[in-house]
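Residue numbers begin at 1 in each chain, while the letters A, B, ... track the order of the sequences. Predicted model only: the values in this text are computed from it and were never measured.
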There are 2 protein chains.
Amino acid sequence: MADRLSHVFQALADDTRRDMVARLATGDATVGELAEPYDMSLQAVSKHLRVLEDAGLVSRRKEAQKRPVHLEAEVLDLMTGWIERYRRQAEERFQRLDALLADMADDENPHHEGAAS
Amino acid sequence: MADRLSHVFQALADDTRRDMVARLATGDATVGELAEPYDMSLQAVSKHLRVLEDAGLVSRRKEAQKRPVHLEAEVLDLMTGWIERYRRQAEERFQRLDALLADMADDENPHHEGAAS
DNA sequence: ACCGTATTCAACCAAGAGGTTGACAGCGAT
DNA sequence: ATCGCTGTCAACCTCTTGGTTGAATACGGT
């Protein structure tokens, strides 16, 4: 896996974890609170949180015996940054191809004004 | 894994595959061309492409014995859609919290004009 | 000092991911 | 017809992942 981005994508490549992120977007929550909706042991939830934490998507402060989990939303920008870069690049390439095809169509039936030779 | 989004995130949770997507953003390429930069068997590359294809990120048309691979960039929007939704939600919550804290500070040292009672 | 609550650690297991090698299939060119 | 090029299929291996259970830890309340 190696780099940062891989961990983030990996972390979100799981229904349960995406769901937890969605939940955390509405506010911090303890492990127990987070676990409640799922038919799954608390330990399993704890593991999921660890994955999210390792990806930097989440942080846990300690407060008495509870460990409120907090969404670190800035990390999401890392992803959109990556994605948008290539989406845009592909888009632009598509535009150029489109223009090129339009040109070729012009050459085949030359309705356009001002053509040379 | 179940749903669509999971497959897309999973597909991009790998250095090699993200690299391929980056490469494909500059234009279509055959399996051989894509494989060339990596120290890895052609079969492994083929597998990676299958993952990308199953995620809907890529399509392969057949052209003689070659199989040019094409990036389907629209799928990326699916991700940014998801991500942005929760990033924004978290952001807004943060703003409100910020405002609340400002209010509390006001209450503690009431320098402000027009205070009641 | 002890109890209950909240969470993690450790060992284990089945299934999946990413890689390998070897055999096979599709198609153009000679 | 068969050769060479391009790519996939199949079987196999190893490491990781997502889950389990049982024991341990950390801390507040009584």
Open item on the list: Check this for me: does the side-chain of Lys47(B) come within 3.5 Å of the base of dG19(C) through a donor and an acceptor?
Closed with: yes

Open item on the list: Any heavy-atom pair between the side chains of Gln10(A) and His7(A) that's under 4.5 Å?
Closed with: no

Task: Under-3.5 Å donor-acceptor pair between Gln43(B) side chain and dG22(C) base - done: yes

TODO: Show the numbers, then the answer: is there a side-chain contact (heavy atoms from CB on, under 4.5 Å) between Leu5(B) and Leu12(A)?
DONE: CA-CA 9 Å; Leu5(B) 217 37; Leu12(A) 292 182; over 6 Å; no

Open item on the list: Without decimals, in angstroms, what is the distance between Leu12(A) CG and dT17(D) C1'?
Closed with: 16 Å

- [ ] Measure from CE on Met40(B) to P on dT21(C) and round the result to the nearest Å.
- [x] 13 Å

Task: Nucleotide nearest Thr16(B) when distance is taken to its side chain, options dG19(C), dG18(D), dT8(C) - done: dG19(C)

Open item on the list: As a test of reading the structure: which of dC27(C), dT5(C), dG19(D) is closest to the side chain of His48(A), going by heavy atoms?
Closed with: dG19(D)

TODO: Select one nucleotide: of dG7(D), dT20(D), dG4(D), the one nearest the side-chain heavy atoms of Arg67(B).
DONE: dG7(D)

Task: Between dA17(C) (C1') and Gln10(A) (CD): distance, integer Å - done: 9 Å

Open item on the list: At 4.0 Å (heavy atoms only), tell me whether Ala64(B) reaches a base, stays on the sugar-phosphate, or touches nothing.
Closed with: sugar-phosphate

- [ ] Could you check how far NZ of Lys62(B) sits from C1' of dA25(C), rounded to whole Å?
- [x] 10 Å

Open item on the list: Expressed as a whole number of angstroms, how long is the span from Arg17(B):CZ to dG19(C):P?
Closed with: 8 Å

Task: Contact summary for Leu71(A) and Val58(A), nearest pair of heavy atoms - done: CA-CG2, 4.2 Å

Task: Side-chain donor-acceptor contact under 3.5 Å, Ser6(A) with Asp3(A) - done: yes

Open item on the list: Angle between ring planes, Phe9(A) versus Trp82(A), binned at 30° and 60°: parallel, tilted or perpendicular?
Closed with: perpendicular

TODO: Let me know the distance between CG of Asp19(A) and P of dG18(D), rounded to the nearest Å.
DONE: 15 Å

Task: Protein-nucleotide distance (Arg18(B), atom CZ; dG18(C), atom P), rounded to Å - done: 12 Å

- [ ] Looking only at side-chain atoms of Ser46(A), point me to the closest of dT6(D), dT8(C), dT5(C).
- [x] dT8(C)

Open item on the list: Output the rounded distance in Å from CG (Leu42(A)) to P (dT20(D)).
Closed with: 11 Å

Task: Residue closer to the 5' end of DNA chain C, Val45(A) versus Asp14(B) (nearest nucleotide) - done: Val45(A)

